[in-house]
Number of protein chains: 2
Amino acid sequence: MSHDGADLARSSTPPKRVRNAAATREAILRSAVIAFTRHGYDGVGVREIAQSAGVTAMLVNRYFGSKEQLFTEAVDTAFAPRTVLSDNPATLAGDVAARLVERTAPESEHLDPFLLMLRSASNPRAAEIVRAGVERHAGRYLSELLEGPDADERAMLAHSVIAGFWLMRKMLGSTALVTADPDELTRRLEALLVIALSPSREK
Amino acid sequence: MSHDGADLARSSTPPKRVRNAAATREAILRSAVIAFTRHGYDGVGVREIAQSAGVTAMLVNRYFGSKEQLFTEAVDTAFAPRTVLSDNPATLAGDVAARLVERTAPESEHLDPFLLMLRSASNPRAAEIVRAGVERHAGRYLSELLEGPDADERAMLAHSVIAGFWLMRKMLGSTALVTADPDELTRRLEALLVIALSPSREK
DNA sequence: GTCTATATAATGATAGAC
DNA sequence: GTCTATCATTATATAGAC
């Protein structure tokens, strides 16, 4: 499929793909993030990921060594950008609540890192990789944003609330949360996040 | 361990197990609850479950039809008893918070239905089965205990908080939550649950 | 009532051709 | 740089012996 003759203009390759290691690696990684987010670590095979990237399964191991190492890079890629976190501490809880309700809506098909986390956490190996990723990115960023004592603890408690909500509303599809009024739900979530993020009153 | 030959004492079968359909079924179901809680729906095979029950994999399908139907019964069995919920609405939040911190402690190996839920939710089929189980048991019980409007929504929001905490502290092993002071953690969780369970102020 | 043996399909990973 | 072909393992589920 391809001739790289210089002057054979007419029959020049309709090249379905450039043979480029870096680009191929990139394509596999992008497919991996999507697939792992949709189906979790155990729920997807390397064949499937490779096919979405337009290559064969072999190249996955060629470029990443193993499924586990591919997952490690995918987690890092997925958690690097901010998704639900805003940068203004004053409006943080409200912003997060609003985006969360929006993204967990039944009609939304948003691919969120929290889904990657929830769907992969049942595998202990994957869970450890995800823990490291969370603490390195979102957790660390949020901790730095918070003032007062126990910033890490409060950040992870907020993550607990967010993750639990993703699980019950989007993954499980809890009837009460799916049919609830979004504005009402947003207010409740905001109240929860305010509590989770606040420094403790007593000591 | 029983020989049922009346007078053939010597050559009677050294029966390693009583051939009893009901008892075998029960044993399989008990093993299934444990295995599914430890490893999730996709994380365990029928062979493994059968072996723990002292039988072969064949009998699982014989008595339950399929792995999926076995899971359905296991979910029902696991969610039937109350685990973290107390029966006094006034002390509910505090009671749940205390038990939760205790059971998610690093040294605890408690097999909680929430673990079964979290570890199986990545499989869509299993997630639907779990959703039905939760709404039928714990969710319904909690809803009836609550007074005021939106009882279902508040109940599921509380479940979100509990599930998220199980995930971040026990499954992921978040450093901040593992090393946090348990009393401090309990106070924060109690505050979160109070908010989750309270009827909304405005409307 | 329970077993052994097997059918069928999928997995992660690798060897070697081009 | 990428492919086809294959290995070894494991999964659920079933057929038929005892």
Side-chain angles (χ1 to χ4, degrees), chain A residues 1-5 13-29 31-32 35-36 39-74 120 122-126 129, chain B residues 1-5 11-29 31-32 35-36 39-74 120 122-126 129:
Chain A
M1 186 94 32
S2 107
H3 70 85
D4 27 46
T13 55
K16 56 179 186 183
R17 162 172 305 280
V18 190
R19 289 165 92 90
N20 178 334
T24 299
R25 221 191 105 102
E26 195 70 18
I28 293 173
L29 187 55
S31 295
F36 284 136
H39 311 111
Y41 182 78
D42 285 329
V44 69
V46 292
R47 280 174 177 76
E48 203 174 332
I49 294 172
Q51 192 170 26
S52 292
V55 297
T56 62
M58 202 229 91
L59 289 190
V60 172
N61 285 328
R62 182 105 161 65
Y63 288 130
F64 295 90
S66 70
K67 183 187 184 183
E68 196 171 313
Q69 289 175 263
L70 171 62
F71 182 72
T72 304
E73 289 207 37
S120 300
S122 54
N123 183 309
R125 283 263 208 23
I129 292 168
Chain B
M1 191 139 338
S2 110
H3 68 87
D4 33 41
S11 61
S12 78
T13 53
K16 53 181 183 182
R17 163 174 299 284
V18 188
R19 291 162 93 89
N20 178 334
T24 300
R25 221 193 104 102
E26 193 72 17
I28 293 173
L29 187 55
S31 294
F36 284 136
H39 309 110
Y41 181 78
D42 285 329
V44 68
V46 292
R47 280 176 179 75
E48 205 173 330
I49 294 171
Q51 191 169 28
S52 292
V55 298
T56 63
M58 202 229 91
L59 289 191
V60 173
N61 285 329
R62 181 101 159 68
Y63 288 129
F64 295 90
S66 71
K67 183 186 182 183
E68 196 171 313
Q69 289 175 264
L70 171 62
F71 182 72
T72 304
E73 288 207 38
S120 301
S122 54
N123 183 309
R125 284 265 208 23
I129 293 168

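Naming convention: chains lettered A, B, ... in sequence-line order (proteins, then strands); numbering from 1 in each chain.
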(message) When you measure from the side-chain N and O atoms of A/Y63 to the phosphate of D/dG1, is any distance below 4.0 Å, counting only OP1 and OP2?
(response) no

(message) Pairs counted only when both distances fall under 3.5 Å, Watson-Crick or G-U: show me the 5' to 3' dot-bracket for DNA chain C, [ ] for pseudoknotted crossings and | for other-strand partners.
(response) |||||||.||||||||||

(message) For the CZ atom of A/F64 and the CG atom of A/L29, what is their distance to the nearest 0.5 Å?
(response) 5.0 Å

(message) Tell me every residue that passes side chain to side chain contact (heavy atoms under 4.5 Å, CB included) with A/S66, counting only those two or more places apart in sequence or in another chain.
(response) A/E68, A/Q69

Mind listing the side-chain donor-acceptor pairs of residues 39-51 of chain A below 3.5 Å, one per line with the distance, residues two or more places apart or on another chain?
| from | atom 1 | to | atom 2 | distance (Å) |
| --- | --- | --- | --- | --- |
| A/D42 | OD1 | A/N123 | ND2 | 3.0 |
| A/D42 | OD2 | A/N123 | ND2 | 3.3 |

(message) Working note: A/F36 + A/K67, criterion side-chain contact (heavy atoms from CB on, under 4.5 Å); need CA distance, chi angles, decisive distance, verdict.
(response) CA-CA 11 Å; A/F36 284 136; A/K67 183 187 184 183; 4.1 Å; yes

(message) Measure CD1/A/I28 against C1'/D/dT2 and give the value in whole Å, please.
(response) 10 Å

(message) What is the separation between atom CZ on B/R62 and atom C1' on C/dG1, rounded to the nearest whole Å?
(response) 7 Å

(request) Mind checking side chain to side chain contact (heavy atoms under 4.5 Å, CB included) for A/T56 and listing every partner two or more places apart, or none if nothing turns up? (result) A/M58, A/L59

(request) Indicate whether OP1 or OP2 belonging to D/dG1 is found under 4.0 Å from a side-chain N or O atom of A/T24. (result) no

(message) Please report the distance, rounded to the nearest Å, between CG in B/N123 and C1' in D/dA11.
(response) 14 Å

(request) Can you measure from CG (B/L70) to CZ (B/R25) and round to the nearest 0.5 angstrom? (result) 8.5 Å

(request) Do nucleotides 10-18 of chain C as a string where each nucleotide becomes B, S or -: B if the base has a protein heavy atom under 4.0 Å, S if just the sugar-phosphate does, - if no protein is that close. (result) -BBBBBB--

(request) Calculate, to the nearest 0.5 Å, the distance between atoms OG1 and OH belonging to B/T24 and B/Y63 respectively. (result) 5.0 Å

(message) For A/S52 versus A/S31, what's the shortest heavy-atom pair and its separation?
(response) C-OG, 3.6 Å

